[in-house]
Amino acid sequence: MAAAPPHADQVLFLAGGLIADRLPRSPAATVAARMTALTTPHRPPTPQPA
């Protein structure tokens with residue numbers, strides 16, 4: 001995983017050559033959390049038995 005720069009006006013997240021998301025002036029922890037959310041496969045909710 002790439003490290004987030006300590007200072008940036010804006011962070012762009014690319015997926016398939018397109019901008020997938022962006023964050024303005026955010027702390028490294030926020031950037032890391034967004035990177036995790038974008039790279040974690042989405043799973044639909046598991047149905048609960050009635």
Chemist: What distance do Asp21 atom CG and Met35 atom CE have between them, rounded to the nearest 0.5 Å?
Modeler: 12.0 Å
Chemist: Keeping the roles fixed (side chain from Ser26, backbone from Pro24), state whether a donor-acceptor pair exists under 3.5 Å.
Modeler: yes
Chemist: When clusters are formed from ILVMFWY side-chain contacts under 4.5 Å, directly or step by step, what else is grouped with Leu14?
Modeler: Leu12, Ile19
Chemist: Determine whether Phe13 and Arg22 make a side-chain contact, defined as any pair of heavy atoms from C-beta on separated by less than 4.5 Å.
Modeler: no
